[in-house]
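What follows is a short report on a single structure.
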Amino acid sequence: MPIGSIIKKASNFILGDERCHEKIDIAYEDNEILFCKNNVCIHPPTVARQESDILHYPGYLTCTTKTFIDQYNSAKRPTLLLTWIPNTSLCKCNSTTNEGDPLSSLHHGTLPTNGHFSPTAQVAVPAPKVADEQAEHEIGEENAAEMQELKNELQPLLGGQTASIGDLTALLKKNPITSVNITISNPQIENSNISQSYNCIIPTSSPDNEGGHSSAIARANQPAQQINSDGSVSDENNPNWMTPELLAFKHNLVFPESANATPTVRRKAVIRGRRFSVDLSQMRSLRLFFNDDKCTSGQLVIASRESQYKILHFHYGGLDHLAQVLHQWHCFLHNITLAPGQEKMNLPYRHFMVCRPEVKQSEMHPDEGNVKRITTNFFYGTLLNEKGQIDDDLLLRKCVFFGGLEKSLRKTVWPFILKCYSFSSTFEDRAVLMDIKRQEYDEITRKRLYSMSPEQQAQFWRTVQCVVEKDVVRTDRTNPFFCGEDNPNTEMMKNILLNFAVYNTSISYSQGMSDLLAPVLCEVQNESETFWCFVGLMQRAFFVCTPTDNDVDHNLSYLRELIRLMLPRFYEHLQRHNEAMELLFCHRWLLLCFKREFTEAVVIRMWEACWSNYLTDYFHLFLCLAIIAVYADDVIAQNLRADEMLLHFSSLAMYMDGQLILRKARGLLYQYRQLPKIPCTLSGLCKRCGPGMWDSEHRPALECVGHTDNEKCSLGID
Amino acid sequence: MSYAYLFKYIIIGDTGVGKSCLLLQFTDKRFQPVHDLTIGVEFGARMITIDGKQIKLQIWDTAGQEAFRSITRSYYRGAAGALLVYDITRRETFNHLTTWLEDARQHSNSNMVIMLIGNKSDLDSRREVKKEEGEAFAREHGLVFMETSARTAANVEEAFINTAKEIYEKIQEGVFDINNEANGIKIGQQATPTNPALPGAGGAGGAVNSGCC
């Protein structure tokens, strides 16, 4: 494809905002490259690694139009072909870079082509305002700057190899598309309203917007540490060993080499170097996850009908542009006329469902962003007095709720918020208490080992011990703290669980507990102290629920009521489907407090927010609500049944933006607490957290609604 | 990528008998001795061909010790096939089969095809349950029986495919009402070649029709 057409295309996008109320008059040609972007990464999964060890395999992504001819009935239909070629093969193989349209030549043979198509016979757009030559001139002028930019882009990706400017020049000459693409894929959207239609995003390469352009370059020149290496939002210092790739790998979600390949391809094969090419119309879904505030970077997740996934990371912007291209393609296929603000009515075809989670300022808790994470200095200098007491536990809990704890403080602060020590205890009190608790713990161990009758011993072994022993070696194995054979930490985990079953015979042990214990043990490390933290954790008031029928039921009925109250559209959806009210998809969320849904770093933030007991004892339910609020639009749009909902949310595990969910959940809690009236069924939701510094409790008026006829109204009971 | 039928399968049995490993071996052809314990339900899928028809198996891998009983019921609902697994090296997992079977019969439709699987056949030296005992149990309760090894892949393919064959035969015989999705069978999407502008319209069905019935 000649460079001029690309610029023409780019200009169409640039000028799109002026005509966004008109029909999108784009005639697509066959084999036309609609989108291309260099250095789109894949991250191959490995079994255990730290955040810093993430391997980037950059490659070149293109999106090309194709005419697909059905081999059975010769029906023709336009489709998009998405191809990712690793940089390694781009450099090695000359044939991929020496022609004007190198990529489409590669595509020959993958799909039958039949020349041009123009299904709607529309006239192409009138000549864009930016003349081709002018644009080309512009690119010439900026070649040096772009080269620097490209160098900056490539440097962190190439690792050890330092690319010289000469190499880059050669690369640019070989592949002019790259340089053009950098220009158009760095749109400045700070000034535009993101929530508008995608057509209205204004890229900066508009010639009259010089300021914008330089700012885009400045941004590209910013150091790379700003970009989180796995593309997810995570706390610094936190190991982020559970990545989407690893999860996909573990759960058999990795994509086969092509759409036509059998899905049983051995996954042991190295994924890095493989070209990836699919017909997008054959995919079950395409999802774009934006993970920066500017909505330019993030992940493209492609799901096949076999529920296999491919994750492409856009660390350097361009994802917004892809969203725009897909959206226009969608409009073209469906002859959709878009007026500003109308995009909601024309739900994108689900193959091109674009997911752009965002929480508007107005939806957030007013304190959001004003409360900082607790640092070591703040904790020891301000929160803890000279005797070691925490005078203002409300402030501590508020800070934990909004900002979280510095990693090094977890060991110290968790025992407080898990009720192992009281806030008013002094250093000396705690030293004494720790000793007493250790003795008490040793006593439990002794009881378990030596004072059971042989029958009791046999019974205990059968019902508890053999399950625990099987489970501890299947818990957080990818966490370096627990990996390997005969790991003493795994032994410690086993002892704590067995002792807990002896200590609390009514709860005893059930599967899932090891998952809750592991992160606490990993931080607190001392066996006795971890045990007593775990005891606090297992009390419903401070955590989600013990995995028993009553607790899960109780939480689910609260959640149903919250959905009815706060997310009525989703509630209607649930009403339309059999058994949907069982909320099967929330089960694991509640049981493991989101541990399998988000990466470890953000899960810890969620747990701390729940444990802080700030404003509610049921913050976990607001987290559930937030996930639904942010990620259930697809569910409603596709009218998914109960089991499909379960599939939908399981497929989102580890792909969701946890920080965003936290913000949304805090906002929802704020909204909830502002309601003048709540149903009596929810009266217990904000009870036990106490009035805080106020003389009166949070007490909205209660309405006697929401419970079924055979249930007693909880008014006056709770 | 298109299919004529989709069958929902569930894998049940005591904790640690190798349910997730069987699934992984079937969908992925690999054995992973170290994996996280299953909580709730995890999914696997694979396409197989029976009688020239593409059939997609959607497999629900459940937790062995599900504390929350009302959730368990939802797993069984709408399953066309079940693999009931025990561990040949642990007698108690065999002893619990009756409970599992009662649960399965109670919560699922009566036509569900159940296959009894004695897993870990590679560990013959540690065997506690004889093959004959498994066969006898299966005969007594009208199940199909097979010993498998998720580690060596022995019989894994066969276990899943034979179950599918039996379901397919039941469809042919008209035992299953395929229009009732509560039976755990879905007909593949139809091709709609009349509207070529719709992406995916032809792709889902392609030449595959909704079977013979």
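Order of the sequence lines fixes the chain letters, A, B, ..., with proteins taken first and strands second; residue numbering starts at 1 for each chain.
The 12-atom threshold is exceeded at CZ of Arg91(B), counting heavy atoms of other residues, nucleotides or ligands nearer than 6.0 Å.
Heavy-atom proximity under 4.5 angstrom to chain A picks out nothing from residues 151-164 of chain B. Among the residues in residues 465-473 of chain A, those with a non-hydrogen atom closer than 4.5 angstrom to a non-hydrogen atom of chain B are Val467(A), Lys470(A), Asp471(A). Contacts with chain A (heavy atom to heavy atom, under 4.5 Å) involve these residues of residues 7-18 of chain B, listed by number: Thr15(B), Gly16(B).
Here the closest heavy-atom approach between residue Asp36(B) and residue Asp476(A) is recorded as OD1-N, 3.5 Å.
Arg462(A) does not touch chain B: none of its heavy atoms, backbone or side chain, sits under 4.5 Å away. Of the atoms belonging to Asp643(A), heavy atoms from both backbone and side chain fall under 4.5 Å from chain B.
Arg77(B) places a side-chain heavy atom less than 4.5 Å from the side chain of Glu579(A). Side-chain contact between Leu591(A) and Ile39(B) is present, with at least one heavy-atom pair separated by less than 4.5 Å. The shortest distance between side-chain heavy atoms of His35(B) and Arg474(A) falls below 4.5 Å.
Atom-to-atom distance recorded for Thr38(B):OG1 and Arg596(A):CZ is 7.0 Å, nearest 0.5 angstrom. Taking CH2 of Trp60(B) as the reference point, atom CG of Leu646(A) lies at 5.0 Å (rounded to 0.5 Å).
Shown here are the side chain to side chain contact (heavy atoms under 4.5 Å, CB included) partners of Arg127(B), two or more places apart in sequence or in another chain: Ile88(B), Asp124(B), Lys131(B), Glu147(B).
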